[in-house]
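The block underneath contains the structure these notes are about, expressed in structure tokens.
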Amino acid sequence: MTEMGMVRLAIDFENPGKEWWESGGRDLWQALAEGFDENAVAVDSSIADSWLKQAAMLPGWEGGPEFSPHPICLKAINEDEEV
């Protein structure tokens, strides 16, 4: 899915769906964010791929608007960006 290296998973606040968060998504996100109140987390791309597969199995993952289809989005990390 993604290339090797670090990527960022972030809450997509433009996605209006609450079903995913209430159907286990909140717990899944908090486990990834290590219990901190984080809106974005930098992880290895292999972890991101695995996490996104789990996230997609929960109800409410699909169905957001075209510009914000999922509650969590994947973002690239610039080479000069500190993580």
Side-chain angles (χ1 to χ4, degrees):
M1 277 187 160
T2 56
E3 295 178 19
M4 296 294 288
M6 299 292 286
V7 295
R8 186 178 319 277
L9 292 172
I11 296 173
D12 191 338
F13 291 103
E14 294 183 355
N15 182 289
K18 292 182 182 179
E19 181 183 14
W20 184 83
W21 291 101
E22 295 169 354
S23 299
R26 186 174 325 284
D27 291 336
L28 189 62
W29 177 255
Q30 288 175 343
L32 181 69
E34 299 177 1
F36 296 103
D37 188 21
E38 297 287 334
N39 296 331
V41 178
V43 295
D44 185 79
S45 62
S46 63
I47 292 172
D49 288 345
S50 174
W51 191 90
L52 287 168
K53 286 177 186 172
Q54 285 184 291
M57 293 189 313
L58 296 175
W61 179 252
E62 299 288 339
E66 187 175 324
F67 60 88
S68 178
H70 310 294
I72 305 295
C73 60
L74 180 67
K75 298 180 176 184
I77 295 179
N78 297 330
E79 290 181 23
D80 60 346
E81 190 176 348
E82 286 189 36
V83 290

Is a donor on one side and an acceptor on the other found under 3.5 Å between the side chain of W51 and the backbone of L28?
-> yes
Can you name the nearest heavy-atom pair linking A48 to L74, along with the distance?
-> CB-CD1, 4.3 Å
Can you see which heavy atom on E38 is nearest to which on W29, and at what distance?
-> O-NE1, 3.1 Å
Report the distance from atom CD1 of I72 to atom CG of D12, rounding to the nearest 0.5 Å.
-> 8.0 Å
On a heavy-atom basis, the closest approach of V41 and L32 is CG1-O, 4.1 Å
N/O donor-acceptor pairs under 3.5 Å from side chains in residues 16-24, not counting sequence neighbours:
residue, atom, partner, partner atom, Å
W20, NE1, A55, O, 2.9
S23, OG, E19, O, 2.7

Using the test side chain to side chain donor-acceptor pair (under 3.5 Å), find all partners of N15 that sit at least two apart in sequence or belong to another chain.
-> none
So CG of L52 and CG of L9: to nearest 0.5 Å the spacing works out to 5.0 Å
